[in-house]
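Okay, structure first, notes after.
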Amino acid sequence: MRKPIVLGNWKLNGTAAASDALVASILSGMPALDVVDVGVCPPHVFIPQTVHQAAHTTLAVGGQNCSEFTTGAYTGEVSAEMLREVGCRYVLVGHSERRALFGETNETVARKTHLALKSGLTPVLCVGETLEEREAGQMNAVVEGQIQAVLNEIGIAQFERLVIAYEPIWAIGTGLTASPAQAQAMHAMIRGVLSTQNPAVARAVRIQYGGSVKADNAAELFAEPDIDGGLIGGASLKAEDFLIICRAAADSLR
Ligand code: 13P
């Protein structure tokens, strides 16, 4: 049985005070959900205060990105090791916004995944297709290529140590959610790709769905057999909605 994982990706939102209030609300409403892993990924500068607030709770903290380099003259970069040092457990790698807006290639994402693992973080490898790619029937090939690049870099055995987030780009921030059947088909496809190399790892790896997951659609998505929780954007900025989504993940185990 895979433990569902729900992560909030705050993206470029908030202030120090707003982050503080959001985490406080999440913590006050968070049931002792040991059946689900729950975490938030604030902007880097708010990570230390969030780690401090979440100390001695089950709320984990993650980064939204890390550098493909370890150290040196890379102005503005933050390494996976630095994130781990300030208390992160997770780091998102290859979010579609990073791929599309900041030029990250499959190979860049693979290097970041490798460094995150080396640093002791759990990388959350984000994959997903554009609407054009889906309409052209290329979604399987695109997502398989994104996975394959990471397989080439780290090998199948390491996949047990990461989380995959399937996020169709056309569903991100658009209010257009993939139907549970569409999401399930892609999750099963991803598991199938991994299964050709190692069926046990394929069964063990957690695959989150992301893209307009809301309080009112989370339960039907999480009910699908290959969907192991969610990566939540907009709805993670409201504690009440985020908590409903976390509870939906817990209920999906029943
Ligand atoms: P939304 O939930 O706002 O669509 O964002 C999804 C996402 O990109 C999470 O990483």
Side-chain angles (χ1 to χ4, degrees), residues 4-14 18-19 22 26 36-44 46-47 50 59-66 83 88-102 104 109 112-113 116 121-131 133-134 139 142-143 146-147 150 162-180 182-183 186-187 190 206-222 224 227-249:
I5 171 167
V6 177
L7 296 174
N9 173 11
W10 294 359
K11 307 191 181 184
L12 180 55
N13 288 293
S19 298
L22 178 54
I26 291 171
V36 178
D37 286 330
V38 177
V40 291
C41 301
H44 284 168
F46 302 143
I47 287 173
T50 308
L59 183 70
V61 181
Q64 297 176 15
N65 177 38
C66 66
L83 292 174
C88 284
R89 189 178 309 165
Y90 301 101
V91 64
L92 310 185
V93 289
H95 190 281
S96 61
E97 287 149 17
R98 304 259 3 136
R99 293 178 191 258
L101 304 172
F102 301 97
E104 293 192 9
V109 175
K112 290 183 178 200
T113 307
L121 294 171
T122 298
V124 179
L125 169 63
C126 304
V127 297
E129 80 286 357
T130 64
L131 187 58
E133 289 162 345
R134 173 163 284 263
M139 67 263 194
V142 167
V143 170
Q146 292 168 339
I147 300 274
V150 179
L162 55 75
V163 172
I164 296 172
Y166 169 63
E167 299 203 302
I169 295 167
W170 46 274
I172 294 178
T174 58
L176 276 180
T177 316
S179 69
Q182 282 174 322
M186 292 302 286
H187 284 228
I190 293 168
R206 294 183 293 178
I207 309 179
Q208 302 177 296
Y209 169 79
S212 298
V213 178
K214 306 288 177 203
D216 61 5
N217 63 16
E220 57 179 14
L221 286 159
F222 299 165
E224 295 293 339
I227 300 184
D228 309 310
L231 181 55
I232 321 300
S236 74
L237 298 172
K238 292 188 205 118
E240 198 183 321
D241 290 8
F242 186 63
L243 288 168
I244 290 172
I245 294 168
C246 293
R247 279 186 215 106

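Counting starts at 1 for both ligands and their atoms, following the listed order.
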For this session: Could you tell me which residues satisfy side-chain contact (heavy atoms from CB on, under 4.5 Å) with A248, sequence neighbours excluded, listed by chain and number?
Result: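 side-chain contact (heavy atoms from CB on, under 4.5 Å) check on A248 returns A218, A219, F222.
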
Problem set entry | With sequence neighbours excluded, residues passing side-chain contact (heavy atoms from CB on, under 4.5 Å) with A235 |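 A235 satisfies side-chain contact (heavy atoms from CB on, under 4.5 Å) with K214, I232, D241, I245 only.
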
For this session: Would you check if K112 and N65 make a side-chain contact, meaning some heavy-atom pair closer than 4.5 Å?
Result: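 They are in side-chain contact.
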
Exercise. Parallel, tilted or perpendicular: which describes the rings of H187 and Y166, with under 30° parallel and over 60° perpendicular?
Worked result: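 Perpendicular.
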
Exercise. Does the pair D37/R206 count as a salt bridge with the N-to-O cut at 4.0 Å?
Worked result: yes

Exercise. Under the side chain to side chain donor-acceptor pair (under 3.5 Å) rule, what pairs show up with a residue in residues 168-178, not counting sequence neighbours?
Worked result: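 Qualifying pairs, neighbours excluded: E129-W170, T177-N217.
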
Problem set entry | Within the 4.0 Å heavy-atom sphere of ligand 1, strictly under, residues |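 Residues N9, K11, H95, E167, A171, I172, G173, G211, S212, L231, G233, G234 each place a heavy atom under 4.0 Å from ligand 1, listed by chain and number.
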
